[in-house]
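Let me begin by presenting the structure, written as C-alpha cells, before commenting on it.
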Amino acid sequence: MENPSGLNDRQMEAVHAVEGPLLILAGAGSGKTTVITRRISHMISSGIPAPSILAVTFTNKAAREMLQRVKTMFPGKVPMPHISTFHSFGAQMLRESIESIGFRKNFTIYDSQDQISLIKETAREIGLKLEALDLDGTAQLFSAVETGRTPWTGQEKHIRELFDEYRKNLQIYNAVDFDDLIMLPIRILSEVEEVRELYRSRFHYLMVDEFQDTSEAQYRLLKLLGEGCGNVCVVGDDDQSIYSWRGANYENILRFEKDFPAFKEIKLEQNYRSTKQILRVANRIIANNSNRKGKELWTGAQEGEPIELYMAESERKEAEFIVSKIRVLKIRHSLQFHDFGVLLRANHLTRAIEEEFLKENIPYQVSGGMSFFERKEVRDILSYLRVIVNPDDDVSLLRIANTPRRGIGKKVIENLVALSAQKECSLYSAMTVLRDSGQKELDGSHSSQSPVAEFLSLMDDYREKLQTPGKAAETVKALVDEIDYWGHLVQEHKDQDLARIKLSNVESLMGSVEDYEKNPDVVHPSIQDYLTRVSLASRDDIGDKDAQGRVNLSTIHAAKGLEFPVVFIAGVEKDIIPHGKALEERDTNVEEERRLFYVAVTRAKQKLFLSTCATRRFRGKPVTAYPSPFLEEIPKESLVVIEEEEEADTSQSADFLTEMRKRFLE
DNA sequence: CACTACACATGCACG
DNA sequence: ATGTGTAGTG
C-alpha cells in the first residue's frame, strides 16, 4: 500500500469523492469493500448524518459485514447508515408505504417456490392443462414481463390470461412476489409524490455495490431515489457480471453515464489478492471477451505457484484428489479448513464431493443449494405463521389446511375454492363464510365439530397469542405441539431417523425465532418482521456464523465476493462450464460463462487447482465428459497437468503418515 | 374420500 | 436422485 492511510492513490480518490455522481470500476481483488466502507466512514466523520446514507449491496451477508465494519469504526454510534440489499430495501419501503397503492401492510412475500405454487393454483382455477405448462419457464416469463424485460410476443393468449389472473390473485391474497419488491417501490415513487419526497429527503448519499449485477428495474429504482440529490456512487466490474439471466445488465453502466453526465470515473486496477501466476491466467481468460470496458489488473505480489490441472477418471477420484490436497496443504502450510474453497458451476455437483468429505471427516459448509428455510418441514411451520399474520395468504393456507390431516380434504377445499371464486375473496374468508352460514354438509363435518371451524379458531387463537411481545418462540412451540406436528412427521415417514431430523429442523426454526426475538439490534420484534427477514434470507444466511473451520463448498455464483488462499474449481468440463443450457439460450452467453470462470479463478489468493472428470454420472448413468474449452485459453506454460494420481491412499491414518513423512523431509 | 404405490419427467445460477 | 401427478386400493 502506497501511503499511511493504507490505501493507494486511486482508492483514496474514491474515498474522498463524496459529492456528485461517481463510477468506480473496481477489478477483482482491488480492495473494493475496503474502499466502500472507508468512504462511508469518511462521510460520517466529515459530518454527514449517517442515516442519510443508503448503501445497497448484493447479499444480506455483504450488507451485514459492511454494517459491522462501519460499526467497528464508530463504536456506540447510534443512527447507522442504511445498508441492505435492493430487495430488503424494497420490502422495508413497502411495509411503510404500500397502503398508498391499495395493499395492506401485513402483506406476505412470495418467494419463487410460492410463486410457482400460485401459478399452479391459478392455472387450475382457470382450467389450464397443467401438464402442458412448464412451471419454471412460466415463472421466468412472468418475471421478465413484470420487470419490463420482455414484451408479450403474441401467440400465448392463455398464458397472458394466466398472468392476469396470477396478478389478480396476488392482490386478493395480499401478497407480493420478489419482482414486486422492486417494481412496487418504483410505482410508488413515480406515482405518489409525498412518498417520493419523503425518500428523497431521507437519503442524500447513495451507494451501490456490485453494480454490474443490478437489473434494469433496480437501476430505475436507484435513479428515482438519486436523481434528486445526484450523489450516487456505483461500484462495479463489467468483467464480473454473472447475473444476466435474472435481468442484470452491465449496460446499466452506460445508462448511468448517460443519466448522470457529470460523473467522475475511477478505475481500481491494482489487485491485492492473487499471485502473479493466478492473475496472469485470469487476465488471459477474460481477454477473450469482446464486450469489455477495458481494464488490466496488475499486482505487486509474488510470482506464486503454477495452476494445476487434475484430470480424474471419475467424480469419485476428483473428490479424493481434492481431499488429499486439502490434507497435505493444510499441514504443509499450517492452513485451516476455512482457507479452502471448492467451487462448482451447479449445485448438484457438490454431491460427490460432499460424500467424500463426509467419509473422510472433512468439515465443510455448503453455500448455495437448498436453504434451511426451503425445507418442507420448515416451510410448513412458517406457513402457519404466515396465515396467522396474513389470513388471506392462500398459498400458505393450502399448504397447511390439511397438514397435519384434520379432515379438510380435497372435497372441502374444492367447495371453498368455488365459494372464494364466487365471492372473489381468499380461501380464509371463504372459510369464515362457510362457518357462519352453518352449511355443515360443505365443510367436511362428520360429527358435531366442523374441521373448518376448528381450524379457524386455532388460527384466531394463535393470532391472539402472538400479539404478546417476547413470547413468540414459546408460542410457536405451543403451536407445533398443539397441531401434533411430531405425530405428523412420524406418520409420514417410515424412516424414523428422517422424522427425527425433520423435527430437529423444526426445533432449529424455533431457535431462530428465539434468536431473532432476543437480538438487541431488532427494535420492534414481531412475527411479521421475522417472516419478512426469512423470506429475504439468502441461502447462506444461516450457518455462516460457524463457517470457521470448514471447507467452503459453493457454487461460483455464491462465491462472488469471497476469497480463499486455496481454491479448487471442480468439473471444469464441456457443458458444465460453459454450461450447455446457457449456450442453448443465446450464443452470447459464452461470454457470461467465461466471466463466471474468471470470477472463479480470481477467488484464489495463493494456489489454484482445476479438475475435470473423464466420466460423470448424469441422471444416474455414467456419461463421458470432456474438458472445458476454456482450458485451451490458458497458456500451456501456466498450467501444470497432473496426469496420474500419486497413489493417494485415502484411508485416514495412512494419509496422515504420508503427510508426516513429507513434513519431516522438508 | 384418503392414502399408497408407482410411473414419469427432469436437474444452471439467486434475492 | 427427487419431486410430482395419477391410478388404483382400502
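Please read all numbers here as calculations on a predicted model, not as lab measurements. In what follows, every chain begins at residue 1, and chains take the letters A, B, ... in the order their sequences are listed.
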*Lys581(A) or His87(A): which one's nearest nucleotide on DNA chain B is closer to the 5' end?*
Lys581(A)
*Just how far, in rounded Å, is P of dG3(C) from NE2 of His348(A)?*
15 Å
*asked:* Is Lys560(A) close enough to dA13(B) that one of its side-chain N or O atoms is under 4.0 Å from OP1 or OP2 there?
replied: no
*Nearest-Å distance, NE2 (His557(A)) to P (dC14(B))?*
7 Å
_Do the side chains of Glu315(A) and Arg351(A) get close enough for a salt bridge, i.e. N-O under 4.0 angstrom?_
no
*asked:* Using the side-chain contact (heavy atoms from CB on, under 4.5 Å) definition, which of the options Leu54(A), Leu224(A), Leu189(A) pairs with Tyr199(A)?
replied: Leu189(A)
*Would Tyr243(A) pass as stacked on dA13(B), i.e. its ring centre under 5.5 Å from the base's six-membered ring centre and planes under 30° apart?*
no
*Note, Glu318(A) side chain near Leu349(A) side chain (heavy atom, < 4.5 Å)*: no
*Would you call Arg64(A) and Asp521(A) a salt bridge, taking side-chain N to carboxylate O under 4.0 Å as the test?*
no
_Under the rule for salt bridge (charged side-chain N to carboxylate O under 4.0 Å, His left out), what residues qualify as partners of Arg617(A), not counting sequence neighbours?_
none
Could you go over nucleotides 2-4 of chain B and give all protein N or O partners under 3.5 Å, atom names and distances?
residue : atom : partner   : partner atom : Å
dA2(B)  : OP2  : Lys410(A) : N            : 3.3
dC3(B)  : OP1  : Arg405(A) : NE           : 2.9
dC3(B)  : OP1  : Arg405(A) : NH1          : 3.4
dC3(B)  : OP2  : Arg405(A) : NE           : 2.3
dC3(B)  : OP2  : Arg405(A) : NH2          : 3.3

*When the ring planes of Phe357(A) and Tyr364(A) are compared, do they come out parallel, tilted or perpendicular, using 30° and 60° as the limits?*
tilted
*Can you check the His579(A) NE2 to dG11(B) C1' distance for me, whole Å?*
8 Å
_Base, sugar-phosphate or nothing for Ala346(A)? Non-hydrogen atoms, less than 4.0 Å._
sugar-phosphate
*asked:* Test of understanding: with side-chain contact (heavy atoms from CB on, under 4.5 Å), list the residues that count as partners of Asn289(A), not counting sequence neighbours.
replied: Ile286(A), Arg292(A), Glu591(A), Arg594(A), Arg595(A)
_Presence of Asn347(A) side-chain N/O under 4.0 Å of dC14(B) phosphate oxygens OP1/OP2_ = yes
*OP1, OP2 of dC14(B) versus side-chain N and O of Thr555(A): anything below 4.0 Å?*
yes
*Phe86(A) on top of dG15(B)'s base, within under 5.5 Å and under 30°?*
no
*asked:* How many whole angstroms separate atom CG of Leu349(A) from atom P of dG11(B)?
replied: 15 Å
*asked:* From CD of Gln115(A) over to P of dG15(B), roughly how many Å is that when rounded to an integer?
replied: 15 Å
